[in-house]
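Note sheet for the following structure.
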2 protein chains.
Amino acid sequence: MVRKTGTQRREDSLSRDRIIEASIELLDSSGEGGLTFRALSERLATGAGAIYWHVANKSDLLTAACDAVIARTITSCGVGERPAATIRALALGVFDAIDAHPWVGSALTQAPGQSPMVRILEPLGQQVRALGVPDDEQWAAVGTLLNYMLGVGGQNAANGQFGRARALDRTDFLDAVATAWSQLDAQEYPFTRSIAAALRSHDDRADFLAGIDLILRGITSPRR
Amino acid sequence: MVRKTGTQRREDSLSRDRIIEASIELLDSSGEGGLTFRALSERLATGAGAIYWHVANKSDLLTAACDAVIARTITSCGVGERPAATIRALALGVFDAIDAHPWVGSALTQAPGQSPMVRILEPLGQQVRALGVPDDEQWAAVGTLLNYMLGVGGQNAANGQFGRARALDRTDFLDAVATAWSQLDAQEYPFTRSIAAALRSHDDRADFLAGIDLILRGITSPRR
DNA sequence: ACCTGAACACCGTTCAAGT
DNA sequence: ACCTGAACACCGTTCAAGT
């Protein structure tokens, strides 16, 4: 492919892609608060204003970074033979991506109807169809799966943020919550108290999958 | 109850509660971005620093405002006779609260394990128990319901934010998303395209309830 | 066409000083 | 004990000016 002479670029010139890659690195290393036009322009050895030539604003940039991560995730998930298994694999792929990049969890929520969400919605919808769900029930099924995934993703991101703000790692954080829950009033909060202990040793990923399976059971079970 | 003389207060003196009430009003009228220590101190006719005597920081304030709204909501929901109906009423109560105060949707997500979440978690757990779900499956059931509610709440908040930033009302926003979806590639995005039209006329509240019912079906249907 | 970087209009938070 | 308000260290975004 030949560029018109005159639009020739230096090898290391700015581009939307380079900006997005640098943003992902910044977000991964410093959390949601780490993405700053100043930090970004320093990392890219350019002026803050230069970034605005390639990107509309911060929200656009965050969504684009999220989209890049989600695009890779979805591509690498592939399509299995059985719809339910494919949905599980897809959901786990998104979960793992959010686990590796907690900021994706909140970026996903902040981009309603945008590209990153559609990338997840589409294969989810195709598999729900393949499951044999009638047309008029497909949206409920897909919406439930998607919103559940967004909820877990958001919590994952919040846990990370919360811990980072208080300089706690995951274990310390869970420990703090478990302790607080176990000290709640016994009359008013019996259930919360009863699960406080289990919180310390629970497996986020397994719990997430249990939720997906529960929803899949709801989708395929007969309506009364 | 008699206060020690000397800690007597002017009728209109600052208090945590007054600050929280003013915050809720500010958030309701100006959205998530409207809660500012400057705006708040102006509304309360005080200095910005005064607020810090009653509140640890902005995150604490937002969570407290969210907690006040959720507390009222849960109280007014009441407990019905049948567990499933009570769970539905509870979920709808939270949905309506978030619909009336979209910022609650994102505040809820940002306070993992904190008081507002526990207020929802507890009655949900009690009703799941009442449903006869075995001990070792209760957490999965409650977690799925809760995360789904958080996901929907987050989307609701994001829709509002997104619309506000672009000065679109709900109809315009849905219309913009529906149009974008219907213009996606037919080969790659058949499902998303197929539901684009329905998006324009869908009922958030009914869809939300359909998801709750689907999950309830999953909870009560036999495991294989 | 693309980049620079100073300037603008904001933030949350702190803290010496007041009452 | 509670409040004041200036000051600090940041933000995102704009824009005249450069190449």
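The sequence lines fix the lettering, A, B, ..., with proteins before strands; numbering per chain opens at 1. This one's a predicted model, so the numbers in the text were calculated from it and none came from an experiment. Because only heavy atoms are used, hydrogens play no part in the values below, and waters and symmetry mates are left out as well, while side chains stay in.
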Can you check whether A/Ala39's main-chain N or O pairs, donor with acceptor, with A/Thr36's side chain at less than 3.5 Å? no
Rounded to the nearest angstrom, tell me the gap between atom CZ in A/Arg16 and atom C1' in C/dA1. 17 Å
Cation-pi check for A/Phe191 against A/Arg193: NZ or CZ below 6.0 Å from the six-membered ring centre and within 45 degrees of the axis, yes or no? no
Can you measure B/Leu44 atom CG to D/dG5 atom P for me and round it to whole angstrom units? 14 Å
Tell me the interatomic distance from A/Ile51, atom CD1, to C/dC3, atom C1', rounded to whole angstroms. 11 Å
Sugar-phosphate atoms are those with a prime plus P, OP1 and OP2; base atoms are the rest. Using that split, label each nucleotide of nucleotides 12-19 of chain C B, S or - for protein heavy atoms under 4.0 Å, 5' to 3'. BBBB----
Lys/Arg N to Asp/Glu carboxylate O, A/Asp96 vs A/Arg205, below 4.0 Å: yes
Give the rounded distance in Å between these two atoms: CD1 of A/Ile19 and C1' of C/dC3. 11 Å
Watson-Crick or G-U pairs under 3.5 Å in DNA chain D, rendered as dot-bracket with [ ] for crossing pairs and | for another strand: ||.|||||...|||||.||
Taking the basic N atoms (NZ, or NE/NH1/NH2) and the acidic carboxylate oxygens, is any pair closer than 4.0 Å for A/Asp67 and A/Arg72? no
List the residues meeting side-chain hydrogen bond (donor to acceptor under 3.5 Å, both in side chains) with A/Asp17, not counting sequence neighbours, and say none if there are none. none
Regarding A/Arg129 and B/Ser194, do their side chains bring together a donor and an acceptor under 3.5 Å, going by distance alone? yes
Apply side chain to side chain contact (heavy atoms under 4.5 Å, CB included) to residues B/Leu62 and B/Glu32 and explain how you reach the verdict. CA-CA 9 Å; B/Leu62 185 62; B/Glu32 286 175 62; over 6 Å; no
Would you mind reporting whether A/Ile195 and A/His202 have side-chain heavy atoms less than 4.5 Å apart? no
C/dC3 phosphate, OP1 or OP2: any side-chain N/O from A/Trp53 under 4.0 angstrom? no
Can you tell me how far P of C/dG5 sits from CD of A/Glu42, to the nearest Å? 13 Å
